[in-house]
Amino acid sequence: MSNRKAIPTFAHFETLTNLNNIPIRISHQSSLPLSDLTTLSNGTGDSTGMKVWLCSKFILALLSHEPSSHLLHKVFHGNTIFEIGCGAGAVGIALLLNNKQFLLPNPAHYYFSDNDLTTVHLVEHNCVQNSLPSNLVNYALLDVNDPSSSLPDPTVVDVILAIDVIYDKSIVRPLFSTAMKLIQEARSSKSWCGVKTHFFVLCWCVRMNLNDKRMIATEEECGDFIKAEAKLANFNMVRMTILKGGGDLDQAFVDAGCNCYVFEI
């Protein structure tokens, strides 16, 4: 992606300057056209990835509250993160800004990927306007639903991250398969010592229709389906930790059924 000569302008987009009280500059679409809302399961050639969705705020909230922050700091800090379906890039940029006031973990390197080229341009634009050093980030076009889609070639990836990318049941198994491929590639590199743990962090909320009756499934049904699809994708995990809303977190996270699954591989 580094051979592009120019990044398109997004002057017509709104600029988010505060995300969970974190000072940031994120160009995004605060609302989607009706035509895009009806095709959220696709995400290609529409505006799906150009909005900052609820789970981005959810994972940043988890990072600021115990006991979830302890685990997520361990997973993210000092590691190389590959985000699938990065959208506008809000979470990755917030982490890379290394604002010590908010005690967020600071990744060593970050790969932003999405299946829509305009969205990849958008996240690059957002990285530039937040003055992120170019040596900390890479950008990739990646479609987990396309078997012919070539994976990027990161030599070292420690954490796979996917935030609010599950809108349709068809995406779940390919998502786990892609995460597993990335981890296997990392482990086949010369830099892997054979003992380092890898993680797949999946943040989702209740959006899926599982019974083809145009009804959204319950949180429990969605969770059971995701775990079943992980097994069918031969996703070999050591353990799984579930982080949820509640306590002093925003009630909106509970109402939307926000979950963060941390898979240790």
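Since this is a predicted model, take the numbers as computed values, not measurements.
By the 4.5 Å heavy-atom criterion applied to side chains, Y110 and L136 are not counted as neighbours. A 4.5 Å side-chain heavy-atom check between R25 and T17 finds at least one atom pair inside the cut-off. Looking only at side-chain heavy atoms (C-beta outward), I166 and E229 stay at 4.5 Å or farther from each other. Side-chain atoms of I22 and L104, non-hydrogen and from C-beta on, do get closer than 4.5 Å to each other. Between L62 and L249, the closest side-chain pair of non-hydrogen atoms falls below 4.5 Å. No side-chain heavy atom of V165 sits under 4.5 Å from any side-chain heavy atom of I84. Side-chain contact between L243 and L72: present, with at least one pair of heavy atoms (C-beta onward) separated by less than 4.5 Å. Residues F253 and L54 form a side-chain contact, since some pair of their non-hydrogen atoms from C-beta on lies under 4.5 Å apart.
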Under the side chain to side chain contact (heavy atoms under 4.5 Å, CB included) rule, what do L63 and F76 come out as? Steps first, then yes or no, please. CA-CA 10 Å; L63 282 162; F76 291 145; 4.0 Å; yes
Decide yes or no on side chain to side chain contact (heavy atoms under 4.5 Å, CB included) for I93 and I24, but give the supporting numbers first. CA-CA 8 Å; I93 292 170; I24 198 169; 3.9 Å; yes
Determine whether C222 and W204 satisfy the following criterion, side chain to side chain contact (heavy atoms under 4.5 Å, CB included), listing intermediate values before the conclusion. CA-CA 9 Å; C222 289; W204 60 275; 3.5 Å; yes
Would N259 and I226 satisfy side chain to side chain contact (heavy atoms under 4.5 Å, CB included), going step by step from the backbone distance to the final call? CA-CA 11 Å; N259 283 258; I226 290 170; over 6 Å; no
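The minimum heavy-atom distance between L60 and A94, with the atom names listed, is CD2-CB, 4.1 Å. In terms of heavy-atom proximity, N20 sits nearest to A61 at ND2-N, 3.4 Å. Between A140 and V120, the shortest heavy-atom distance links the atoms O-CG2, 3.7 Å. Between A108 and T80, the closest heavy-atom pair is CB-OG1, 4.5 Å. Across all their heavy atoms, V201 and C260 have their closest contact at CG1-SG, 3.6 Å. Contact between C55 and C205 at its shortest, heavy atoms only, is SG-N, 3.8 Å.
Side chain of T15 to main chain of S27: no donor-acceptor pair is present (N/O by atom type, distance under 3.5 Å, no hydrogens or angles). Side chain of N106 to backbone of L95: a donor-acceptor contact under 3.5 angstrom is found.
Both M240 and I183 are members of a single hydrophobic cluster when ILVMFWY side chains are connected at heavy-atom separations under 4.5 Å. I59 and V254 are assigned to two separate hydrophobic clusters, defined by single-linkage of ILVMFWY side chains at heavy-atom distances under 4.5 Å. A chain of hydrophobic side-chain contacts below 4.5 Å, direct or via other Ile, Leu, Val, Met, Phe, Trp or Tyr residues, connects V172 to I242. F200 and L232 fall into different hydrophobic clusters, where Ile, Leu, Val, Met, Phe, Trp and Tyr side chains are chained together by heavy-atom contacts under 4.5 Å. Cluster membership for M208 and I216, using ILVMFWY side-chain heavy atoms within less than 4.5 angstrom, is shared.
If you look at H109 and Y111, their ring centroids are closer than 6.0 Å.
If you take NE2 on H198 and CG on N79, they are separated by 8.5 Å, rounding to the nearest 0.5 Å. Taking CE of M50 as the start and CG of D116 as the end, the distance is 5.0 Å to the nearest 0.5 Å. Atom OG of residue S68 and atom CZ of residue F58 lie 7.5 Å apart, to the nearest 0.5 angstrom. With values rounded to the nearest 0.5 angstrom, L161 atom CG is found 11.0 Å from F82 atom CZ. Note that OG1 of T218 and CZ of F225 are 13.0 Å apart. Values are rounded to the nearest 0.5 Å. Distance CG/L132 to CG/L97: 5.5 Å, rounded to 0.5 Å.
Ring planes of F10 and H12: parallel class, angle under 30° (limits at 30 and 60°). F235 and F263 have perpendicular rings, their planes meeting at more than 60° on a 0 to 90° scale where under 30° would count as parallel.
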Expected list for residues 174-182: side-chain donor-acceptor pairs under 3.5 angstrom, two or more places apart:
unit_1 : atom_1 : unit_2 : atom_2 : d
S177   : OG     : R173   : O      : 3.1
T178   : OG1    : P174   : O      : 2.9

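Each of K51, K57, R207 was scored for a side chain to side chain donor-acceptor pair (under 3.5 Å) with D164, with one residue passing: R207. Of the options N18, V123, N130, a side-chain contact (heavy atoms from CB on, under 4.5 Å) to I26 is made by N130 and by none of the others.
For CD of E220, the number of neighbouring non-hydrogen atoms (other residues, nucleotides, ligands) closer than 6.0 Å is 12 at most.
With sequence neighbours excluded, no residue forms a ring pair (Phe, Tyr, Trp, His ring centres under 6.0 Å) with H28.
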